[in-house]
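Remarks on the structure that follows.
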Amino acid sequence: MLLLALDTATPAVTVALHDGTDVVASSAQVDARRHGELLLPAVDRLLAVAGLRLDAVTGIVVGVGPGPYTGLRVGLMTADTFGLALGVPVYGLCTLDGLAYASDLEGPFVVATDARRKEVYWARYADARTRLSGPAVDRPADIADEVAGLPAVGAGALLYPDAFPNAHEPEHVSAAALAGLAAERLAAGEELPAPRPLYLRRPDAQVPKNYKVVTPK
């Protein structure tokens, strides 16, 4: 097994290789505006560092969000393209699940990422591998009572300490964590889902109202 994992649902452009037992190599760059520019070079560098060719990959793991529309689709389209070119399966995992897995927390906790517009994408977990509810998108103040007293991880939790007073790292998702979680589930015989984007709200870009289509006569 050699899994190529990637995620662009947060400001982090993160890539990893996993051989089914351990992480072979991983990288992450935080730049919310350059997902498309950074992702493929990161894959190339990672393969070079590991001394492997792309055709050695036996499966693709991609974070499906939730996340901003533009950034999220970069990872999803890249994963689908690699899957088609290599003839290998593509697995989709919730980005928040990757953060939960990397947290190593044992008791109930919350994962929250920055959804912009003064909102967070969030989910509640029983442990690092078990999601209890979500994902959802809300204003931190609106869920403060619901998450009160729970540890929290993720950039959204760190950004709003009033709602998440017990917040700590990791801030962004790691492709290494996504790959490790996928490898663990595959080894247990689980059937992982195909990637389906978790768009929890409409994209920022909208067609203007009263837009007139002009066609040549």
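None of the values given here were measured: they were computed from a predicted structure.
By the 4.5 Å heavy-atom criterion applied to side chains, Thr78 and Ile60 are not counted as neighbours. Looking at His168 and Leu105, their side chains come closer than 4.5 Å, going by heavy atoms from C-beta outward. Inter-residue side-chain proximity for Val13 and Asp31 is flagged as unmet; no heavy-atom pair is nearer than 4.5 Å. Contact annotation: the side chain of Pro197 never approaches that of Arg73 to less than 4.5 Å [non-hydrogen atoms, C-beta and beyond]. Arg131 is not listed as a side-chain neighbour of Leu96, based on a closest heavy-atom distance of 4.5 Å or more. Looking at Pro135 and Leu198, their side chains come closer than 4.5 Å, going by heavy atoms from C-beta outward. Proximity of Leu4 to Leu17: side-chain heavy atoms (C-beta onward) are separated by under 4.5 Å at one or more points. Side chains of Arg129 and Glu184 form a contact here, defined as non-hydrogen atoms less than 4.5 Å apart.
For the atom pair OG1 of Thr8 and CG of Leu76, the computed distance is 6.5 Å after rounding to the nearest 0.5 Å. Note that CG of Leu150 and CG of Asn166 are 8.5 Å apart. Values are rounded to the nearest 0.5 Å. With rounding to the nearest 0.5 Å, the separation of CH2 in Trp122 from CZ in Phe164 is 7.5 Å. Put simply, NE2 on His35 and OG1 on Thr14 are 10.5 Å apart, with the number rounded to the nearest 0.5 Å. How far CG of Leu178 is from CG of Leu93: 6.0 Å, rounded to the nearest 0.5 Å. Between the CG atom in Asp19 and the CE atom in Met1 there is a gap of 9.0 Å [rounded to 0.5 Å].
Both Leu40 and Leu54 are part of a single hydrophobic cluster, where members link through side-chain heavy atoms under 4.5 Å apart. Taking hydrophobic clusters as Ile, Leu, Val, Met, Phe, Trp and Tyr residues chained together by side-chain heavy-atom distances below 4.5 Å, Val57 does not share a cluster with Leu186. Put simply, Val15 and Val61 are part of two different groups of oily side chains (I, L, V, M, F, W, Y) that touch within less than 4.5 Å, one to the next. Hydrophobic clustering, with ILVMFWY side chains joined whenever heavy atoms are under 4.5 angstrom apart, groups Val88 together with Val64. Cluster membership check: Leu99 does not share its hydrophobic cluster with Val23, using side-chain heavy-atom separations under 4.5 Å among Ile, Leu, Val, Met, Phe, Trp and Tyr.
Under the 3.5 Å distance criterion, the side-chain polar atoms of Glu169 are matched with a main-chain donor or acceptor of Glu171. Put simply, the side chain of Thr113 never gets that close to the backbone of Gly154: no donor and acceptor are under 3.5 Å apart.
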### Task
Decide yes or no on side chain to side chain contact (heavy atoms under 4.5 Å, CB included) for Ile143 and Val110, but give the supporting numbers first.
CA-CA 11 Å; Ile143 59 172; Val110 174; over 6 Å; no
### Task
In sequence, state the C-alpha distance, the side-chain angles, and the governing distance for Gln29 and Arg34, and then conclude on side chain to side chain contact (heavy atoms under 4.5 Å, CB included).
CA-CA 10 Å; Gln29 297 168 273; Arg34 299 174 64 209; 5.9 Å; no
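Between Phe109 and Tyr125, the two ring planes are parallel [angle under 30°; tilted spans 30° to 60°].
Nearest heavy atoms, Ala179 versus Leu3: O-CD1, 4.0 Å. The two atoms that bring Glu106 and Asp127 nearest to each other are O-CB, 3.6 Å, heavy atoms only. Shortest non-hydrogen contact noted between Val153 and Ser103 is CG1-CB, 4.0 Å. Across all non-hydrogen atoms, the minimal contact from Val137 to Glu119 is CG2-OE1, 3.6 Å. Tyr101 and Ala177 make their closest contact through CD2-O, 3.4 Å (heavy atoms, listed as atom of the first residue, atom of the second, distance). Pairing each heavy atom of Thr95 with each of Ala9, the nearest pair is OG1-CB, 3.4 Å.
Under a cut-off of 6.0 angstrom, the local environment of CD in Glu191 is sparse, with at most 12 non-hydrogen atoms contributed by other residues, nucleotides or ligands. Summarising the local packing, CG of Asp145 is surrounded by 12 or fewer heavy atoms from other residues, nucleotides or ligands at distances under 6.0 Å.
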